[in-house]
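Every chain is numbered from 1 and lettered A, B, ... according to where its sequence line falls, protein lines coming before strand lines.
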Amino acid sequence: MTVTAPTIAKIADIDRDTHFRIGQFLFREADLLDSGEWERWNDLFAEDGIYWVPSSADQHDGIDQVSLAYDDALLRAIRVARQGADLAASLRAPVSSSRMIGNLMASHEEAQGFYIARSRFSMAQYADWGTRTFHGSYTHYLRPVGDDFRIVLKRVDLVNIQGSIGDILTIL
Amino acid sequence: MAVMHFDPASLVEAGRVNHAVYTDPEIFDLEMKRIFGGTWVYVGHDSQVPGAGDYYATSIADQPVLLVRGKDQQLRLFYNRCTHKGAQLVNEGSGTVKAFRCAYHGWLFKDTGALHSIPAPGGYDCGTVCPGDGSHALEPVARFGSYRGFLFASLSPNVPELEQWLGPLRSSLDNFVDRAPAGRVEVAGGVLRYEHDCNWKFFVENTLDALHPMVVHQSAGRPAQILSARLDNQQKTNFVLQALAPFTGSYSFYDAMGGRVMPHGHADLGGKASIHSDYDEDPDYLAAMHAAYGPERTTEILSLSRNNSVAYPSLMFKAPIQLLRIIRPVAVDRTILETWHFRLVGAPESKLRRTIAYSTLVNSPAGMVGPDDHEVYRAMQRGLTARKPEWVEVSRYMADPEAVAGEDGAVPVKGTSDAYFRGQFSAWADLMGRP
């Protein structure tokens, strides 16, 4: 699926309340991840939702081109179980993270029935071998459900993706 | 060169290896010269430079190299260095050029490597630099060759012919390509570059190490098993579950798949069976294979399932799932691992998609398999700094009466044998012992 960014013209169409609610949703998601609440994070996804970390900036899909992560519901379930269990060597010593999200822009894609939110993030990941930082953008496709949202797509574009990448032990 | 404080041959004994081979920076420097600089090393695939003027810049260990397809369709490999002051001519990666122009003083090189022109040539009236006379051309790498599209180079001229060096391992590369109905593969689907904090040798060993999956990869295999038990039969055909299931395979499963140890450190794990042999096959693919090869030959090709093959020192490939990994050593405790994927020309797109799904799951730095291997490599790198005990154990199945070389020089071994590592270190000691 080709990911589009919110266009300037469409950003103006979003009312303040919706913009605020989208922001709160993203902060809540970030907090669940930084708190290691993996199952609750997974609950934020729509049934057909995808968590995606492409391997290049111009990548169009996660099917014909390799990704760092391209998780449908089944893969997210395995990932979440793995994060939570005590089996993974790379997760045996605690891994913690802290992230900031900003520069939020959002637009409403009426035809598809979801909102597109684009934000920037900076995250520090600590493991016993050291601290590593990740920076980049989030693109969320958010389906409105009551006054809440469900994630149809979360795409994470790392700013240094053209170089070599070290372990990503948390969920971005 | 400084006088070495060790004799490389003394670090490898029957059934054991000295810990210093993984931790000593001086040994690493010598490996770059004598191993990566002393034998054939995989560079890339010819489909990475399909058209005239296409180039691909990479490195052989610490040596920057530049692969170019000329207008004459000839592939050439040069040191990626301007012959003037020495600037690297192009950055790593791919592109297309009419000519290579050095970013520093504008020297211009043809795709044949010849020096085409320089600005203000009059200053060289002395005759030392004269574009067109053949001098100051890009320096070609000593040996360069292709085996069925897989490109190898040697910085040293003193190596056997490429085919002879590959030896029986050729049949594993053949199997990689024969799986394409059109008999051709091409690079597709992007690259993963994964940074590791460990010595390069852990990768060539671990890829053949059949005693680790059930320990290290439980964390992905167990959740997959638990989820799988909850699903109906239709959902169980999901490729991800099929891919993860063998990671918790038993010791007898891995022992039975067997392997081969070959001259020059080459080896493969798996043969009649592998972790890939129980995948469902796309009927359209089978039909395309039957049309191309006939049913008998198709069965012959697809029933050979070599899990992992190693062309020592730096190429690891998976013929049954069309991907290869390249080891790029950076320092004694730092290595970049690249994963490249291939399309089977003439096969339905489902084949590439399977390759991509597998690699995203297993080879990514955010995947569910790779980071656990890396954590173990880190533990090895730290543990091996201990000065006592001095030796690392590689004696498993050292007295296997069935491990006898066949006519082609390949030795059949059990899946969980240490014979792979003994073969690698025998090649290592041989190359390191050369002046």
Exercise for the section: Could you name each residue pair satisfying salt bridge (Lys or Arg N to Asp or Glu O under 4.0 Å) that touches residues 135-146 of chain A, not counting sequence neighbours? Expected result: A/D48-A/R143
Problem - Which atoms of B/L244 approach chain A - backbone, side chain, both or neither, heavy atom under 4.5 Å - result: side chain
Fill in the blank from the handout: Under a 4.5 Å heavy-atom criterion, the part of residues 327-337 of chain B in contact with chain A comprises B/I336
Exercise for the section: Would you mind checking if A/E39 and A/R76 are paired as a salt bridge, meaning a charged N to carboxylate O distance below 4.0 Å? Expected result: no
Handout entry: Contact winner vs chain A - B/R378, B/R354, B/R382, B/H196, heavy-atom pairs under 4.5 Å
Key = B/R378
Exercise for the section: Can you see which heavy atom on B/P64 is nearest to which on B/Q88, and at what distance? Expected result: CB-OE1, 3.9 Å
Practice task
Could you look at B/V191 and say if it's the side chain, the backbone, both or neither that has a heavy atom under 4.5 Å from chain A?
Solution key: backbone
Practice task
Measure from the ring center of A/Y51 to the ring center of A/W41 and say whether it is less than 6.0 Å.
Solution key: yes
Problem - Heavy-atom contact with chain B under 4.5 Å, split by part of A/V66 - result: both
Exercise for the section: For B/W340, check side chain to side chain donor-acceptor pair (under 3.5 Å) against everything at least two apart and list the hits. Expected result: B/E338
Problem - Axial cation check for A/F45 ring with A/K154, 6.0 Å and 45° limits - result: no
Practice task
Dump the intermediate steps for salt bridge (charged side-chain N to carboxylate O under 4.0 Å, His left out) on A/R21 and A/D17, then the final yes or no.
Solution key: CA-CA 6 Å; A/R21 286 192 301 114; A/D17 177 57; 3.4 Å; yes
Fill in the blank from the handout: Taken to the nearest 0.5 Å, the spacing of A/Y138 OH from A/E29 CD works out to 6.5 Å
Handout entry: Proximal to chain B - members of residues 158-172 of chain A, heavy-atom separation under 4.5 Å
Key = A/Q162, A/G163, A/S164, A/I165, A/G166, A/D167, A/I168, A/L169
Exercise for the section: Name the region of A/S67, side chain, backbone, both or neither, that has any atom closer than 4.5 Å to a heavy atom of chain B. Expected result: both
Handout entry: Side-chain (A/Q59) to main-chain (A/Q65) donor-acceptor, under 3.5 angstrom
Key = yes
Problem - Aromatic contact, B/W200 with B/F36 (centres under 6.0 Å) - result: yes
Practice task
Step by step, work out the side-chain hydrogen bond (donor to acceptor under 3.5 Å, both in side chains) result for A/H135 and A/S122.
Solution key: CA-CA 4 Å; A/H135 311 278; A/S122 287; 2.9 Å; yes
Problem - Value rounded to 0.5 Å, distance of OG1 in B/T23 from CG in B/N199 - result: 8.0 Å
Exercise for the section: Check whether B/E375 gets within reach of chain A through its side chain, its backbone, both or neither, counting any heavy atom under 4.5 Å. Expected result: side chain
Completion exercise
Looking only at B/G189, B/A224, B/P371, B/S364, most heavy-atom pairs under 4.5 Å shared with chain A are made by B/G189
Handout entry: Aromatic centroids of B/Y42 and B/F317 separated by under 6.0 Å
Key = no
Problem - B/R343 portion near chain A, given a 4.5 angstrom heavy-atom threshold - result: neither
